[in-house]
Amino acid sequence: MKFPRTTLILILLALGLGGFVYFHEIRGATVREEAKEQKQQIFSFGEDDVQSLTVTTKKLTLNLERNPESSSNHKWLIKSPIALPANDAIVSYLMDLLVKGNSERTLSTPPKELGEFALDQPQATINITLKNRQSHQLLLGKSNFNGHFLYAQADPATKPDGNINVLLVSTDFANAVNRELSEWKQPVDNSQKLPPLTIPKPTPTNSK
């Protein structure tokens with residue numbers, strides 16, 4: 001049985017439209033929902049819940065603590081390796097990532113493969129202590145294949161199936177922690193320095 005050419009074209013268009021609706025609306029919605037589920041917040045605590053931070057990198061171990069004097073201009077203090085007010089802007093940048101940061105994707109990985117993500121010897125470890133004495137930890141590994149994300153572990157723990165969750169997080173975490181000690185210190189307020197010494201000019205004498 002032959003269909004008229006016009007009818008055949010209409011049938012093909014209908015099939016094509018049906019396929020588009022399925023893949024874009026039905027299948028696409030499922031994929032988008034799966035992607036939405038994969039993108040999750042790393043931690044659930046708030047900034048005001050954090051009492052102290054310990055940042056360990058290849059170069060430095062830094063202990064930060066919230067200033068108990070709420071009336072002070074310095075919100076954070078460096079406790080070691082020196083005891084000085086911290087650069088609040090730098091600490092706030094890291095805190096913002098910890099509180100609001102998301103994992104773009106989660107990979108279930110056997111512990112023996114952590115070396116592939118540089119998580120067996122992480123580039124940085126962030127230990128977080130909350131005011132209620134609860135503790136959290138974030139390990140930062142190497143960048144993924146395109147350099148858009150870092151491999152990481154949040155509160156490392158083995159799942160019932162024996163695997164460990166590896167997260168993909170923002171590379172901003174590396175920028176936030178890989179700093180010199182001088183960057184963590186509160187900047188010196190140059191406005192409070194003494195003005196430079198002015199040497200008076202000699203008074204000219206009248207020649208006779």
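Taking Gln51 as the reference, nothing meets the side chain to side chain donor-acceptor pair (under 3.5 Å) condition, with sequence neighbours excluded. For Asn165, the side chain to side chain donor-acceptor pair (under 3.5 Å) partners are Lys159, not counting sequence neighbours. Remark: Pro81 engages Leu60, Leu62, Leu181 in a side chain to side chain contact (heavy atoms under 4.5 Å, CB included) (not counting sequence neighbours). Residues satisfying the side chain to side chain contact (heavy atoms under 4.5 Å, CB included) criterion with Thr61, sequence neighbours excluded, are Thr54, Thr56. A search for side chain to side chain contact (heavy atoms under 4.5 Å, CB included) contacts involving Thr129 returns Ser52, not counting sequence neighbours.
A chain of hydrophobic side-chain contacts below 4.5 Å, direct or via other Ile, Leu, Val, Met, Phe, Trp or Tyr residues, connects Ile42 to Ile126. Both Leu167 and Val177 sit in one connected hydrophobic cluster of ILVMFWY residues. Membership requires side-chain heavy atoms under 4.5 Å apart, directly or through other members.
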Next item on the list: Might you work through the side-chain contact (heavy atoms from CB on, under 4.5 Å) test for Phe45 and Ile128, ending with a clear yes or no?
Entry: CA-CA 10 Å; Phe45 55 78; Ile128 306 137; 4.1 Å; yes
Notebook entry, point to check: Please walk me through it: do Asn67 and His74 pass side-chain hydrogen bond (donor to acceptor under 3.5 Å, both in side chains)?
Noted result: CA-CA 7 Å; Asn67 192 346; His74 306 300; over 6 Å; no
Margin query: side-chain hydrogen bond (donor to acceptor under 3.5 Å, both in side chains), that's the test. Do Asn127 and Gln137 meet it? Break it down for me.
Written below: CA-CA 5 Å; Asn127 288 299; Gln137 187 181 66; 2.9 Å; yes
Checklist line | Steps toward side-chain contact (heavy atoms from CB on, under 4.5 Å) verdict (Ile164, Leu114) | finding: CA-CA 9 Å; Ile164 294 175; Leu114 288 180; 4.0 Å; yes
Checklist line | Test salt bridge (Lys or Arg N to Asp or Glu O under 4.0 Å) applied to Arg66 and Glu47, step by step | finding: CA-CA 11 Å; Arg66 188 179 294 276; Glu47 180 177 351; 5.4 Å; no
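Nearest heavy-atom pair across Ile78 and Pro85 is CD1-O, 4.3 Å. Summarising the geometry of Pro156 relative to Leu139, their closest heavy-atom pair is CG-CD1, 3.8 Å, with the distance given to 0.1 Å. When every heavy atom of Ala124 is checked against every heavy atom of Thr57, the shortest pair comes out as CB-CG2, 4.0 Å. Nearest approach of Phe43 to His136, heavy atoms of both residues: CE2-CB, 3.8 Å. Nearest heavy atom pair, residue Leu140 against residue Ala174, reads CD1-N, 4.4 Å. Closest approach of Pro111 and Gly162 over heavy atoms only: CD-O, 3.2 Å.
Sequence neighbours left out, not one pair with a member in residues 158-181 passes ring-ring contact (aromatic ring centres under 6.0 Å, His included). Evaluation of the salt bridge (Lys or Arg N to Asp or Glu O under 4.0 Å) test over residues 133-146, restricted to residues two or more places apart or in two chains, returns none. Sequence neighbours left out, the pairs with a member in residues 110-125 that pass side chain to side chain donor-acceptor pair (under 3.5 Å) are Gln123-Asn178. The salt bridge (Lys or Arg N to Asp or Glu O under 4.0 Å) analysis of residues 170-186, with sequence neighbours excluded, yields the pairs Lys59-Glu180, Arg179-Glu183. Evaluation of the ring-ring contact (aromatic ring centres under 6.0 Å, His included) test over residues 147-167, restricted to residues two or more places apart or in two chains, returns Phe117-Tyr151.
Hydrophobic side-chain contacts under 4.5 Å tie Phe145 to no other Ile, Leu, Val, Met, Phe, Trp or Tyr residue.
Side chains of Gln153 and Leu119 form a contact here, defined as non-hydrogen atoms less than 4.5 Å apart. Between Leu138 and Asp155, the closest side-chain pair of non-hydrogen atoms is not below 4.5 Å.
Residue Pro110 is tested with Asp161, Thr158, Asn163 for a side-chain contact (heavy atoms from CB on, under 4.5 Å); the sole match is Asn163. Of the listed residues (Leu77, Leu64, Val55, Val50), just one forms a side-chain contact (heavy atoms from CB on, under 4.5 Å) with Val91, and that residue is Leu64.
Note that CG of Leu150 and OG of Ser103 are 11.5 Å apart. Values are rounded to the nearest 0.5 Å. Of the inter-residue distances, the one linking Asn73 atom CG with Gln186 atom CD reads 8.5 Å to the nearest 0.5 angstrom.
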Which pairs of donor and acceptor atoms, one on a side chain in residues 92-102, lie under 3.5 Å apart (sequence neighbours left out)?
from	atom 1	to	atom 2	distance (Å)
Ser92	OG	Asp88	O	2.8
Asp96	OD1	Lys100	NZ	3.2

